[in-house]
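A note on names: the letters A, B, ... follow the listed sequences, proteins ahead of strands, and every chain is numbered from 1. Quick note: numbers below take in every heavy atom, side chains included, and nothing from hydrogens, waters or symmetry partners. Just so we're clear, the structure is a prediction, and the values are computed from it rather than from any experiment.
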Protein chains: 2
Amino acid sequence: MVTLEDVARHAGVSLATASRVLNGSSRNVGRTMRERVEKSAAVLGYRTNVAAQTLARGASNVIGLVVHDLVDPYFAALADGAMRAAEAHGHMVMVGTTHRDPEREIAYVSTLNAQRVRAVLISGSRVTDPDVTSRLRVELDRYRESGGRVACVGQDLLGVGTIAPANREGAAELARSLAALGHTRFAVLAGPPHLITAADRSAGFAEALAGLGLPEPQVIHGPFDRDGGYEAVQEVAGATCVFAVNDVMAVGALAALRSRGVRVPDDISVAGFDDIGPLRDLTPSLTTVRLPLAEMGAQAVELALSGEEGDEPRVVPVECEVVLRESVRPLA
Amino acid sequence: MVTLEDVARHAGVSLATASRVLNGSSRNVGRTMRERVEKSAAVLGYRTNVAAQTLARGASNVIGLVVHDLVDPYFAALADGAMRAAEAHGHMVMVGTTHRDPEREIAYVSTLNAQRVRAVLISGSRVTDPDVTSRLRVELDRYRESGGRVACVGQDLLGVGTIAPANREGAAELARSLAALGHTRFAVLAGPPHLITAADRSAGFAEALAGLGLPEPQVIHGPFDRDGGYEAVQEVAGATCVFAVNDVMAVGALAALRSRGVRVPDDISVAGFDDIGPLRDLTPSLTTVRLPLAEMGAQAVELALSGEEGDEPRVVPVECEVVLRESVRPLA
DNA sequence: CTCCATTCGGAAAGCGGTTTCCAGTATGCC
DNA sequence: GGCATACTGGAAACCGCTTTCCGAATGGAG
């Protein structure tokens, strides 16, 4: 392993000078020395030891990202945005997937803290269990006390900077759009009750209906994934329009309906939430609520990195946009 | 920041003892001391500084993964598998996305080398340009010389352990299956000529047709993504069956055909390659060649981590399996 | 009771950088 | 010419943890 010392010796300069030349420093080095060092580094094939650098500097150039599941296109898009932004700052991204286990979320924060990553990004819905949330907060606070930066994508419950999608309002807007098409009897594939994102969307939808004087929707709980949608939609009774609280569930619902010979949108309308990219080519194309996922990921990076140590955490609202497509049709 | 020294002092033991207790060591520590140290660590909220640990040990516990694009479900599945396997070894995964730029692939290897990651996983198709490949090899060799482990998912061109999917054979097998259904006139949406994965699949398909005495397929080049499939399929002339060299392109092709009112599979059959999970609910469901992506990601981790320093790199072949679904229909 | 083999705690030397503090030289100004 | 003022290079003190090497203590065997 070629070390900085090897380079310094080879170039006939001190360690300090070599360091200043090769790893950005505020001080500059004379042209002669600089060139000698650069040449030696190239000849020897020197590569900075980031671990040593991190130790000496007390700060790494890695950002930690905690997601539920990378295979879920929602998180893939978020991660992609975050990685692009991180790269612009010269950082790399370390990813931890919790597979929806809140305990592992806590464990990852601890691990990332040990890594002394520059910032931690937490994404995915919070859960209603206050104990879990408070234990996560403790872990995050510990991290922040030692200078760590944190941002969250989701609900503002962690006392940290948050990118907060307007789940409630988006779902409400969707409800109004669907009602405007003449639908009055709705079912909501609401996901698990303990996931706040799911609950917010479901509640926002129901509230908007109530505001319009329409009957309460039929609410069906189940898992937050494709199979959850598949199962839940089977229990729908008498609705003309089904709202799945995320696109992945909507896909499951479409599959189930198709397999039972129910035509969408002729027999029933279906809408989702998120506007997942790879799902755009579905037939019928899915009515949904668009969230700028990649952008949110990038914003989270900026939010975490910006601001001073003691600043009050900021909450950045993210607007959603209803996108009407083929899976919904106007009622006569 | 609480350091190990703080813990040692608080517990009234030496640094060495504290280290042995808190960060796995081959030597064990007496019960009394051990408990004292553990208690102090808990009280003070000690968290190992992994950078220091990495420096002292000369080896980190992170694995670097280089992918083309996380949003592409192919890589998301691969990454997921790799992350699960890494976690089983107590490692974390650092991801770099190249967005299909070979230069960035090289740059990432260099960065990951600087990070002294335990292993580097390179995934995604190699390119035909020998210069790019050899520069990547140089970078990888440099890394391996300093003790780094490398594994590759794709073509065995880097002189490192490789998980090698049977692209050629899989495509050939697909061709034979489609021919068995009566198709004789094929078009191949072949992707870019410089991507070896694309070229292999295209070639394997054509070879199998030749072996059956069937006419050569119409070969249409274009980008390796959804839009590439969308565009390329427009040029198909006179084929009864279209083979897109990956599923994502097939999705684009389906979309284009639908928008032109061409029915699949009634008017034309379509097949893809990879068997991407989130695409399973497409209508019509896609005939494709299944690759066990998550498993391949996990295997890559094992392959990189296993074996001794000087071992001859192993090549692990991965079999594919043809999956016939609705997007293809038998020809009268 | 002595002696040897273990076991266990501690001191200290790194691991590979960064950065502060010093000193020497060159420059600017009166 | 004399002196204050940048610049620039180098010595050395860390950053926090691991691990080797020692010495002391413990326990079993003879």
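- For the pair B:Y143/B:V117, a side-chain contact is recorded, criterion being any heavy-atom separation below 4.5 Å from C-beta on.
- If you check every strand for non-hydrogen atoms under 4.0 Å, A:V29 touches sugar and phosphate atoms only.
- Side-chain contact of B:H194 with B:T128: a donor-acceptor pair under 3.5 Å is absent, judged by distance alone.
- Taking the 5' to 3' direction, DNA chain C first and last meets chain A under 4.0 angstrom from a heavy atom at C:dG16 to C:dC21.
- Looking at heavy-atom distances under 4.0 Å, A:G30 makes contact with sugar-phosphate atoms alone, never a base.
- In summary, of the residues considered (A:L157, A:D141, A:V109, A:V127), a side-chain contact (heavy atoms from CB on, under 4.5 Å) with A:L136 occurs for A:V109 alone.
- Whole-Å rounding puts the A:Q115 CD to D:dC17 P distance at 13 Å.
- Judged by closest nucleotide on DNA chain C, B:M33 is the one of A:A51 and B:M33 placed further toward the 5' end.
- Following rounding to the nearest Å, B:R31 (CZ) and D:dT26 (P) show an atom-to-atom distance of 18 Å.
- Residue pairs meeting the salt bridge (Lys or Arg N to Asp or Glu O under 4.0 Å) criterion with at least one member in residues 67-79 of chain B, sequence neighbours excluded: B:D72-B:R100.
- Nucleic acid contact class of B:M1 (heavy atoms, under 4.0 Å, all strands): none.
- When the salt bridge (charged side-chain N to carboxylate O under 4.0 Å, His left out) test is applied to A:R142, the partners found at least two apart in sequence or on another chain are A:E139.
- Taking five base pairs at each end of the helix from C:dC1-D:dG30 to C:dC30-D:dG1, the local helix axes there meet at an angle of 30°, rounded to 10°.
- For the residue pair A:Q155 / A:T162, no side-chain donor-acceptor distance below 3.5 Å is found, with atom types taken as modelled.
- In this structure, the side chain to side chain donor-acceptor pair (under 3.5 Å) partners of A:R135, at least two apart in sequence or on a different chain, are A:E103, A:D131.
- Under the side-chain hydrogen bond (donor to acceptor under 3.5 Å, both in side chains) rule, B:H68 has a single partner from B:T98, B:T97, B:D225, which is B:T98.
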Reading 5' to 3' through nucleotides 18-25 of chain D, protein heavy-atom contacts under 4.0 Å coded B for base, S for sugar-phosphate only, - for none: BBBB----

